[in-house]
Each structure stands twice: as structure tokens, then as C-alpha cells.
K.L.:
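I have a structure I would like to understand better, so I am pasting it below and will then ask my questions one at a time.
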Amino acid sequence: MELLYGPIRDYAWGSRSAIALLQGRPVPSAGPEAELWLGAHPGAPASVERAGLRHSLCDLVRAEPGQWLGQRVADRFGTRLPFLLKVLAADAPLSLQAHPDAEQAQAGYAADAARPEGERNYSDPHHKPELLVALTPFEALCGFREPTESADALAAFGVPALAPVVDALRTGPAGLRTAVQTLLSWPIAERVELLASVVAAPADGEDAELARRLAAAYPGDPGVLVALLLHHVRLVPGEAIWMPAGNLHAYLRGCGVEIMAASDNVLRGGLTPKRVDADELMRVLRFEVLHDPVRTAQPVGPGVACWSVPVDDFALHRVRVGAEVPEVTLALPGPRVVLCGAGSVTVDDGAGALTIGSGQAAVGTAAGGPLHLSGAGEAYVATTGLR
């Protein structure tokens, strides 16, 4: 195992304390720290140090895919690490977004080749399903809720202009597409006035509070009202949300461990100053009710739990070692990235043992043996889902 050095992305919505506290650094940090990337994505690859020099994990995997990935992973995914592990820390809402499935990503990436760079939606031909596990209390929007609940929420504002959207939602799931399309295509000149009417309405409750909070951050953004069509989720540490292709979602605040297929394909629908392609978003969205967006950890052995997902790009296990469970052995083939979430954990794959503290990470190749973890702490182990 080798120590893995991950870059920190400084997006404006990031926290000035969460990642710093995780890594034992002074707070507040000098600037926002939004995401710690622990993978081989070319946008911000992590690195290992050998003979005093840093080497990009992306370059190492490409140079020796058999050593790093193993034959089965290389045959399935090519010469790239198929997953990306992150620590995400949000102090402000992220954009309302969804991700394409594999077929949509391939077609979109091919079509984008003929478009000017500023009009492209796809950065690669891969899908981007995601799983986020809360490290702290975490607030998010995830998946469409029952349309009749959303209709009641919008009707409570008493804004006549929203009547067509409310009527569409009253028809049930069949009206979701019409409702989202109507809101995202609202005339630009009328958006500020519409949201001002919503904010000024005497409605109270969770939906009204959320609308006012989002409108204060993104005045005139129709994504504020689209957000009210989604589940408003509050996770406790250890709970997770699963975001498959086509699932509309937005993170609002909190810190969590996120694992995803190694892609950067994001289609935005609002709550952002960045480019929004509403037509392409509508094409990839799945207009269906998500009945239960929250996933709980499932024990799979002493000190070990996982969150099952229906993809083979990645899998995530949480390991807790200490007095009750002094050591855990995981027989997980392929490349492994291990993040220490608390305390101190020693990781040994037979090729070399390494002790990592909170906020540090280790990486091992497919050539290593079973993973032995010991110490007193908590670790998150990222692998592919191939078994």
C-alpha cells in the first residue's frame, strides 16, 4: 500500500472547516475546500510519492494497467480506474443536476464533438452513478417525491401563475415531465417576479423555508421551484443516498464520503451560475417517483458494512477496528483506495503495510493480496463492484 495524495477542489460552495478538521489542519482554511479527490480522474488525479517525486495515479494506471487494475477490471473498463472516491464538504447548495446513463453518455459525447467547446455537455463517454455516505448531518434533495405532495407545496404559495404546474402535478407521475418542463422554460423576463411572489407568500412549513433559502442564494432561478418536486432528505452519519442515472438531485450542506463512476458528466437544471442546457437535461431525466432515497449500511461481517448498489464500477465498504474488532480482512480483488475517516488504521495488502490517520488515504494495486486492516479507527474501502 502507498500513501495517496489527493487534490482539494476549491469550488465556491465548499466548506472552510470540514475537510480541514478531518485532516487535522487549522480552521478556517484559507479558502473554500469543496472536494478531496482520491482517484485517477484526469481532471484532478491523486498522486503517490516514489523516490521523492510525485507521480499521477492516472499516469501510473495507464502505464501498467495489468499491475494496477488486474486483467478482469482492464477487460471490463479499459486502462482506467473505473471509480472515483471523494470527500465532499458543502456549506452552500450545489447545482440541481442529473447524470446520463452509459448509452446517453456515449451518444452525447460523440454528438458534442461537432459543437463549439462552450456548448458541450459531455466531458467523457461514461455514466456517473453516485453514492454519498454522510460523515456529518447531511442535507440534500434527491429524486422526485409523490407529485400530489409537490402540488400541495406549490399551491400553498397562492401564486396564480403556478396553477398550470400544480394542475400537471395533480395528474400524478404522468405530469412530472410537464411540470419540470414548464418551470425550466419559464420566460426569463418573468422569473424574478415569479420567485418574488413565492418568497413573499404567507405560506409556512418546510417547503416554504426551503424555497426562501434557495431563492436568497439564487434569485430568479427556476430551479428553486423544481427543487420542491424532490425529496428533502436529512441524513445522519452513516446513512447514504444513491443517485442512479437520470435522478435529479442537489446537495445542500454537510460532509460525506462520495463514490462514483469515474466521469465528470453533469447536466444542470438550476441553482447555479453555470451553463444550463434544459433540453438535454429533460432528455436524460427519469420522470418517476423515487419512493425511498435513503440507504442504510448493511453489516457483512464483524466491523464491516457496505451500501449495496446495482453497478459494477464501484463498491464501498466501511471498516471499524478497535478493542472489539482488532483486525478485519477483506478479500476484495482489483485496485483498492482506502480513506481513514477517524482515528488511525493500518492497511496491509501483503505488498506493504501503511498506517494512515484521519483524512489520509492509501492505494493498492490489483497485484496485492487480501486487505488486512487493524488499529483503532474507521476506514472507507473503495473497490470495483466486480467479484
Side-chain angles (χ1 to χ4, degrees), residues 13 90-98 132 134 136-184 186 190-237 239-243 247-256 269-272 285 287-296:
W13 48 262
D91 260 3
L94 281 68
S95 61
L96 197 63
Q97 60 187 257
L132 181 134
T136 68
F138 198 96
E139 186 182 1
L141 304 170
C142 183
F144 291 113
R145 60 177 174 172
E146 287 291 344
T148 52
E149 294 179 15
S150 301
D152 291 342
L154 294 182
F157 292 113
V159 177
L162 289 175
V165 179
V166 173
D167 290 344
L169 293 170
R170 295 276 189 224
T171 67
L176 278 172
R177 178 182 291 274
T178 299
V180 175
Q181 180 71 62
T182 301
L183 291 171
L184 291 182
W186 207 274
E190 300 174 12
R191 291 178 179 180
V192 171
E193 181 181 354
L194 173 66
L195 284 184
S197 298
V198 168
V199 170
D204 56 14
E206 181 178 307
D207 291 308
E209 187 277 331
L210 176 63
R212 293 179 182 121
R213 176 153 58 103
L214 295 178
Y218 299 101
D221 191 325
V224 170
L225 297 176
V226 177
L228 300 184
L229 311 187
L230 308 181
H231 290 283
H232 188 183
V233 177
R234 290 180 174 86
L235 304 176
V236 300
E239 289 184 327
I241 46 175
W242 159 243
M243 287 140 297
N247 177 355
L248 193 61
H249 63 277
Y251 299 145
L252 301 181
R253 58 188 168 198
C255 182
L271 307 184
T272 179
L285 281 182
F287 294 97
E288 56 194 31
V289 174
L290 180 63
H291 292 287
D292 188 7
V294 178
R295 298 203 170 194
T296 56

K.L.:
Measure the CZ-CG distance between F144 and L230 for me, rounded to the nearest 0.5 Å.
P.N.:
6.0 Å
K.L.:
Which atoms form the tightest heavy-atom contact between R145 and A153, and what is the distance?
P.N.:
NH2-CB, 3.4 Å
K.L.:
Just so I know, are the side chains of L225 and L194 near enough to count as touching, which here means a heavy-atom distance under 4.5 Å?
P.N.:
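Sidechains of L194 and L225: in contact.
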K.L.:
Looking at CG of D292 and CH2 of W242, how far apart are the two atoms once the value is rounded to the nearest 0.5 Å?
P.N.:
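Reported to 0.5 Å precision, the distance equals 14.5 Å.
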K.L.:
How close do A156 and A203 get, counting heavy atoms only, and between which atoms?
P.N.:
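It is O-CB, 3.4 Å.
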K.L.:
To the nearest 0.5 Å, tell me how far E288 CD sits from N247 CG.
P.N.:
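So the gap between those two atoms works out to 9.0 Å.
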K.L.:
P93 and Y218: which non-hydrogen atoms are nearest, and at how many Å?
P.N.:
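Scanning both residues completely, I find the closest heavy atoms to be O-OH, 3.0 Å.
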K.L.:
Is a side-chain N or O of T171 found less than 3.5 angstrom from the main chain of D167, in a donor-acceptor match?
P.N.:
no
K.L.:
Could you walk me through whether L228 and S150 pass the side chain to side chain contact (heavy atoms under 4.5 Å, CB included) check?
P.N.:
CA-CA 6 Å; L228 300 184; S150 301; 6.0 Å; no
K.L.:
Run the side chain to side chain contact (heavy atoms under 4.5 Å, CB included) check on L229 and L154 step by step: do they pass?
P.N.:
CA-CA 9 Å; L229 311 187; L154 294 182; 4.3 Å; yes
K.L.:
For E209, look at atom CD and say whether over 12 heavy atoms of other residues, nucleotides or ligands are found less than 6.0 Å away.
P.N.:
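Result for CD/E209: enclosed.
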K.L.:
For a quick test of reading the model, state the closest non-hydrogen atom pair linking V165 to A179 and the distance between them.
P.N.:
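Scanning both residues completely, I find the closest heavy atoms to be CG1-CB, 3.9 Å.
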K.L.:
Measuring from atom NE2 of H231 to atom CD1 of I241, what distance do you get when rounded to the nearest 0.5 angstrom?
P.N.:
11.5 Å
K.L.:
Could you tell me whether the side chain of V192 reaches within less than 4.5 Å of the side chain of P219, counting heavy atoms only?
P.N.:
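Answer no - side chains too far apart.
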K.L.:
Atom CZ in R253, atom OG1 in T136: separation rounded to 0.5 Å?
P.N.:
10.5 Å
K.L.:
Minimum heavy-atom separation for V233 to P293, with atom names?
P.N.:
CG2-CG, 3.8 Å
K.L.:
Given 3.5 Å as the limit, does a donor-acceptor pair link the side chain of E149 with the main chain of E146, or not?
P.N.:
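Looks like no, no N/O pair under 3.5 Å.
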K.L.:
Would H232 and L210 count as a side chain to side chain contact (heavy atoms under 4.5 Å, CB included) if you check the C-alpha gap in whole Å, the side-chain angles of each, and the deciding distance to 0.1 Å?
P.N.:
CA-CA 9 Å; H232 188 183; L210 176 63; 4.0 Å; yes
K.L.:
H249 versus L141: any side-chain heavy-atom pair under 4.5 Å?
P.N.:
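No; the side chains remain at least 4.5 Å from each other.
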K.L.:
State the CG-CG distance between L169 and D152, to the nearest 0.5 angstrom.
P.N.:
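It comes to 9.5 Å.
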K.L.:
Hey, are R170 and T148 close enough side-chain-wise for a donor-acceptor pair under 3.5 Å?
P.N.:
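There is no such pair between these side chains.
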K.L.:
Any side-chain heavy-atom pair from L162 and L183 closer than 4.5 angstrom?
P.N.:
yes
K.L.:
Taking the basic N atoms (NZ, or NE/NH1/NH2) and the acidic carboxylate oxygens, is any pair closer than 4.0 Å for D204 and R212?
P.N.:
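The answer is no: the pair does not qualify as a salt bridge.
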K.L.:
Taking C-beta and beyond as the side chain, do D221 and L96 meet within less than 4.5 Å on heavy atoms?
P.N.:
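Side chain of D221 against side chain of L96, heavy atoms only: no contact under 4.5 Å found.
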K.L.:
If every non-hydrogen atom of G223 is compared with every non-hydrogen atom of L271, which pair is closest and at what distance?
P.N.:
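Scanning both residues, the minimum pair turns out to be C-CD2, 3.8 Å.
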K.L.:
Below 30° counts as parallel, above 60° as perpendicular, anything between as tilted: where do the rings of F138 and Y251 land?
P.N.:
perpendicular
K.L.:
Would you call R234 and E206 a salt bridge, taking side-chain N to carboxylate O under 4.0 Å as the test?
P.N.:
yes
